[in-house]
Structures are given as C-alpha cells and as structure tokens.
Chemist: 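Have a look at the structure that comes next, please.
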2 protein chains.
Amino acid sequence: MPDALRRFKAEIFQALAHPTRIAIVEALQEGEQPAGSLIDQLGLEQANISQHLAILRAKQVVTTRRAGNQVYYSLRDPVLSQVLVLLREYFYSHLSESVSMLDAMRPPEPLRK
Amino acid sequence: MPDALRRFKAEIFQALAHPTRIAIVEALQEGEQPAGSLIDQLGLEQANISQHLAILRAKQVVTTRRAGNQVYYSLRDPVLSQVLVLLREYFYSHLSESVSMLDAMRPPEPLRK
DNA sequence: TGACTGTATGCGAATATCCGAATATTCGCG
DNA sequence: CGCGAATATTCGGATATTCGCATACAGTCA
C-alpha cells in the first residue's frame, strides 16, 4: 500500500522538477491567472508553457476554469505552496553549500563558447 | 536571483522524483542507517540503490559518515521529511482523484505480459 | 461564415534518466 | 601483502524529458 503513496509522491515531485513549472506554481500562489498572463510573466514560448501546464494538469497540481476565450489556471491545493516555502527556508539555511551545488551541477551555460 | 532559487528547488524535486529515492528518504526518517541496511529493507539490487544514493548525495539530500567498512547515511535536514508529510496529507485529502491519477498515468505493469 | 485571439497538440531531435551486469574501490583483518 | 565484505563507478541500451516549430482547436466578434 505505501508503494502507491510513494509512486504518488514521486509523480508530484516530478511534476515540480523543472524551473519553469516552479515559476508557474509560484506565479499562481498569488491567485488564479489566465495562461496568457503566465506567458507574459515568464517570457517563454507559448507552446512551451502550454506543455508545462499540460504536465501540471496531468499531475493535478493545477486546475483550470474556462472563461470565454481564456483558460484560468490555479493551484489545486495550497499545501503545494507550503512545500515551496519550506524549500526556500531550506535553501537559505544551507545557502553556501546550495549555491556550490548549483554551480557544480549544471555548468550553467558557458559565458561564451 | 530567484532564478537560482527555482533551479535549486527543481534540483531537489528532481532528486526526490523517484519511488526508490522516496523510500530511501522515508527509511532515513527513522535515523541514520548503513547502506547495506537500506539494501536489505528495500530489496533491490545493491548497485541500483547505490546509484540512487549517489543522486541523493549529489543533491545533498543526504549526508554520509564512514565507520570502518560501512557508510552510514542520514537526512541532511528534517525539513525534507516535513515535505513528505505534507504530501501524504495532500494525497489523502484528494484520495480518490489521486488514485485515479496513478492508474491513468502508469498502466502499472500489466499483471502478466 | 471568416478573421482573429488564446490555448493546446503533434512531431523530431537533442539530451537525460533508469536499470542490470560487470568492474572498481575502500576498509579491516590475518 | 592478499582476501573478503561493504559500497561505488562505469557502460550500454531502453525509455523518458525538453524544446522549437508547425499546426490544430475553441471561442468571440463582425
């Protein structure tokens, strides 16, 4: 039985395991927003954001509401917000190691090839 | 600046985005354990667990302590534990949809090929 | 209907993840 | 040193993610 729970948690983590999707969730913390507004804020390709939204939808992290032309997105449960808050504290409480981890991890695009 | 934070969170989520790694973290909630003990509990290949442990180490989710022959693993910060607790509540509070999501998502290996 | 805005989906290529099998490494002991 | 136990790393192939581009779909308004 707890195996299903573990798979479930893994799915949720996977849904959140991308900077763009985290940005989306953060933006939705302020309240529901139409997709277009998210696209503006994040400044990425419309199709790309829509794909990430599809993932969040599939994992039921967000819910949608259609209003005429637009689709409003919102977080399904504020608990997900809390998770992000916890991780922010975690990040700052281990700031130095955390940063070095990020550095080490993704040679984050060479300044110039 | 918050971009680094988002990348950091994504890395952590990614680290946790696998049932085996969740099982490891759950096991470590009870306290530190040597790798061999984890292998016994989870009943998976030694190499496989070691690979997952390497990932958790790289993302600094766990820390290690060497004692002679063995390597003891422990959670670096209990906040990660709390995250799992929050998700458990989340899971149960949306139980029916959650289960159907799991079903829908991964036809979880057909009973017989 | 047709044109237009907003959103979603399909496809292909580059990259990353996962697992098993084989091989290394490290430590303690005789 | 050389062996055995505990743990780590490497490699290869199958599968999954991510992205850009092109296209499809839905709703509104004239």
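Letters A, B, ... mirror the listed sequences (proteins, then strands); counts begin at 1. Quick caveat: nothing in here was measured; it's all calculated off a predicted structure.
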Chemist: Counting only side-chain heavy atoms from C-beta out, which of dT7(D), dT18(D), dA26(D) sits nearest to Arg21(A)?
Modeler: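 Shortest atom-to-atom distance from the side chain points to dT18(D).
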Chemist: Does Gln51(A) make a side-chain donor-acceptor contact with the base of dG10(C), cut-off 3.5 Å?
Modeler: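 Answer yes: a donor N or O sits under 3.5 Å from an acceptor.
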Chemist: Rounded to whole angstroms, how far apart are CG on Leu56(B) and C1' on dT17(C)?
Modeler: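 Spelled out: CG on Leu56(B) to C1' on dT17(C) is 14 Å.
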Chemist: Can a donor-acceptor pair be found between the side chains of Arg57(B) and Tyr73(B) at a distance below 3.5 Å?
Modeler: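 Checked: Arg57(B)/Tyr73(B) side chains pair up, N/O donor to acceptor below 3.5 Å.
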Chemist: dG6(C), OP1 or OP2 - any side-chain N/O from Arg66(A) closer than 4.0 Å?
Modeler: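 Result: no.
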Chemist: Can you measure Tyr72(B) atom OH to dT7(D) atom C1' for me and round it to whole angstrom units?
Modeler: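 To the nearest whole Å, that distance equals 13 Å.
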Chemist: In whole angstrom, what separates Asn48(B)'s CG from dT9(D)'s P?
Modeler: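 Whole-Å distance recorded here is 14 Å.
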Chemist: So what does Tyr73(A) touch, heavy atoms closer than 4.0 Å: a base, only the sugar-phosphate, or nothing?
Modeler: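 Touches sugar-phosphate only.
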Chemist: Using heavy atoms to find the nearest nucleotide of DNA chain D for Ala35(B) and Ala67(A) separately, return the residue whose nucleotide is more 5′.
Modeler: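 That would be Ala35(B).
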Chemist: Working to the nearest 0.5 angstrom, can you tell me the gap between Leu56(A) CG and Leu80(A) CG?
Modeler: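 Nearest 0.5 Å value for the CG-CG distance: 9.5 Å.
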Chemist: Taking only the side-chain heavy atoms of Gln14(B) (C-beta and beyond), determine which of dT9(D), dA16(C), dA26(D) contains the nearest atom.
Modeler: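 Nearest listed nucleotide: dA16(C).
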Chemist: Confirm from the modelled atom types if Gln70(B) and dA5(D) form a donor-acceptor pair under 3.5 Å, side chain to base only.
Modeler: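 No pair found.
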Chemist: Would you say dT17(C) has OP1 or OP2 under 4.0 Å from some side-chain N or O of His52(B)?
Modeler: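 It does not, given that no N or O in the side chain of His52(B) lies less than 4.0 Å from OP1 or OP2 of dT17(C).
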Chemist: To the nearest Å, give me how far apart CD (Gln46(A)) and C1' (dT18(D)) are.
Modeler: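 Checked: the CD to C1' distance equals 16 Å.
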Chemist: With the side chain of Glu45(B) defined as its heavy atoms from C-beta on, choose the nearest nucleotide among dG20(C), dT7(D), dA8(C).
Modeler: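 Selected nucleotide (nearest to the side chain): dG20(C).
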Chemist: Whole Å only: how far is the CD1 atom of Ile49(B) from the C1' atom of dA21(C)?
Modeler: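 Atom-to-atom, Ile49(B) to dA21(C), this comes out as 16 Å.
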Chemist: Which value, rounded to the nearest 0.5 Å, describes the distance between Arg21(B) atom CZ and Lys59(B) atom NZ?
Modeler: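 Here the rounded value is 7.0 Å.
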Chemist: Taking atom types as modelled and ignoring hydrogens, do the side chains of Gln41(B) and Gln33(B) form a donor-acceptor contact shorter than 3.5 angstrom?
Modeler: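 Side chains of Gln41(B) and Gln33(B): pair found under 3.5 Å.
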Chemist: Tell me: NE2 of His18(A) to C1' of dA16(D), nearest whole Å?
Modeler: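 Taking NE2 of His18(A) and C1' of dA16(D), I get 13 Å after rounding.
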Chemist: Within the 3.5 Å criterion, strictly below it, is a donor on Tyr72(A) or Arg66(A) matched to an acceptor on the partner's side chain?
Modeler: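 No, because no side-chain N or O of Tyr72(A) sits under 3.5 Å from a partner of the opposite role on Arg66(A).
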Chemist: Measure from CG on Leu53(A) to C1' on dC19(D) and round the result to the nearest Å.
Modeler: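 Roughly 15 Å, once rounded to whole Å.
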Chemist: Tell me whether the OP1 or OP2 atom of dT7(D) has a side-chain N or O from Arg65(B) closer than 4.0 Å.
Modeler: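 So the side-chain polar atoms of Arg65(B) never come under 4.0 Å of the phosphate oxygens OP1 or OP2 of dT7(D).
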Chemist: Rounded to whole Å, please give me the gap between CD in Glu11(A) and C1' in dA16(D).
Modeler: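 That distance rounds to 12 Å.
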Chemist: Touch check for Asn69(A), heavy atoms < 4.0 angstrom, all strands: base, sugar-phosphate only, or nothing?
Modeler: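 Base: the residue Asn69(A), judged by heavy atoms under 4.0 Å, touches a nucleobase.
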